[in-house]
Colleague: 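A single structure is presented below for examination.
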Amino acid sequence: GNIRELENVVERATVISDSNQIRIEDLPFHAKPRPEPGDIEIPDEGLDLEELEQKLVRRAYERANGVKTRTARLLGLTRRQLDSRLKKLGME
């Protein structure tokens, strides 16, 4: 099972890669080392999680120059998961 998963990860990264080398950006989210979360301050009055998610998705979309596949990769999502979130957030 692990060998099959590794083969799939390498095959996918090869297809996605923009160069002749596989970079960490080409790997699916679960295969990447995750950065440690920074200190996120939560105000006493709380925050709007949906609004925060919308801002993150917008920033990733801008950074990916409007390319949904790259946006999904930046957010550690599949394209299908991104489309689902965009619909849920009213951002289609």
Side-chain angles (χ1 to χ4, degrees):
N2 289 341
I3 297 296
R4 192 172 308 128
E5 182 177 356
L6 178 60
E7 287 173 343
N8 290 336
V9 166
V10 171
E11 183 178 339
R12 180 179 183 272
T14 302
V15 170
I16 289 175
S17 180
D18 295 338
S19 70
N20 61 353
Q21 294 181 339
I22 295 174
R23 299 166 307 208
I24 197 154
E25 299 87 34
D26 301 320
L27 298 174
F29 187 76
H30 68 275
K32 294 179 193 176
R34 294 181 182 210
E36 291 295 318
D39 291 332
I40 297 175
E41 294 294 323
I42 299 176
D44 290 337
E45 63 276 6
L47 53 83
D48 184 333
L49 190 58
E50 190 169 298
E51 181 182 329
L52 181 61
E53 186 177 10
Q54 285 178 340
K55 287 180 182 180
L56 285 171
V57 171
R58 280 194 189 102
R59 285 185 186 167
Y61 189 72
E62 289 168 7
R63 185 169 179 196
N65 296 318
V67 178
K68 282 187 175 183
T69 302
R70 288 184 183 155
T71 302
R73 193 179 325 146
L74 286 172
L75 295 170
L77 302 170
T78 65
R79 172 68 189 266
R80 183 181 234 166
Q81 290 170 323
L82 175 64
D83 286 337
S84 175
R85 288 197 187 205
L86 290 173
K87 185 176 181 178
K88 179 189 105 182
L89 296 168
M91 299 174 63
E92 297 180 277

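This is a predicted model, so every value here is computed, not measured.
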Colleague: Using a strict 4.0 Å threshold on nitrogen-to-oxygen distance, state whether Glu51 and Lys55 make a salt bridge.
Modeller: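 Yes, this pair counts.
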Colleague: Between Gln81 and Ala72, is there a donor-acceptor pair closer than 3.5 Å when you use the side chain of the first and the backbone of the second?
Modeller: no
Colleague: Using 4.0 Å as the upper bound for N to carboxylate O, is an ion pair formed by Lys88 and Glu50?
Modeller: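 No, this pair does not count.
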Colleague: I'd like to know if Asp83 pairs up with Lys87 as an ion pair, taking the criterion as any Lys NZ or Arg NE/NH1/NH2 lying under 4.0 Å from an Asp or Glu carboxylate oxygen.
Modeller: no
Colleague: So which heavy atom on Arg70 is nearest to which on Asp18, and how close?
Modeller: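 Smallest interatomic distance, heavy atoms only, reads NH2-OD2, 3.2 Å.
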Colleague: Any heavy-atom pair between the side chains of Asn8 and Arg4 that's under 4.5 Å?
Modeller: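 Yes, close enough: below the 4.5 Å cut-off.
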Colleague: Do Arg63 and Arg59 have side chains that get closer than 4.5 Å, going by heavy atoms?
Modeller: no
Colleague: With clusters defined by side-chain heavy atoms of hydrophobic residues (ILVMFWY) lying less than 4.5 Å apart, directly or transitively, does Leu75 cluster with Met91?
Modeller: yes
Colleague: Return the CG to CZ distance between Leu82 and Arg73, rounded to the nearest 0.5 Å.
Modeller: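 Answer for the CG-CZ pair, Leu82 versus Arg73, is 12.0 Å.
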Colleague: Return the minimal non-hydrogen interatomic distance between Leu47 and Pro43, and the atom names on each side.
Modeller: CD2-CD, 4.4 Å
Colleague: Does Thr71 use its side chain to pair, donor to acceptor, with the backbone of Val67 at less than 3.5 Å?
Modeller: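 It does hold such a pair.
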Colleague: Look at the side chain of Ser17 and the backbone N and O of Ala13, then say whether any donor-acceptor pair between them is shorter than 3.5 Å.
Modeller: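 Pair absent, no side-chain N/O of Ser17 close to backbone of Ala13.
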Colleague: Which value, rounded to the nearest 0.5 Å, describes the distance between Thr14 atom OG1 and Gln21 atom CD?
Modeller: 12.0 Å
Colleague: Same hydrophobic cluster for Leu77 and Leu86, using side-chain heavy-atom links shorter than 4.5 Å among ILVMFWY?
Modeller: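 Linked, Leu77 and Leu86 end up in one cluster.
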Colleague: Could you check whether any side-chain heavy atom of Asn2 comes within less than 4.5 Å of a side-chain heavy atom of Glu7, counting everything from C-beta outward?
Modeller: no
Colleague: Would a 4.5 Å heavy-atom cut-off, applied to side chains only, mark Lys68 and Tyr61 as touching?
Modeller: yes
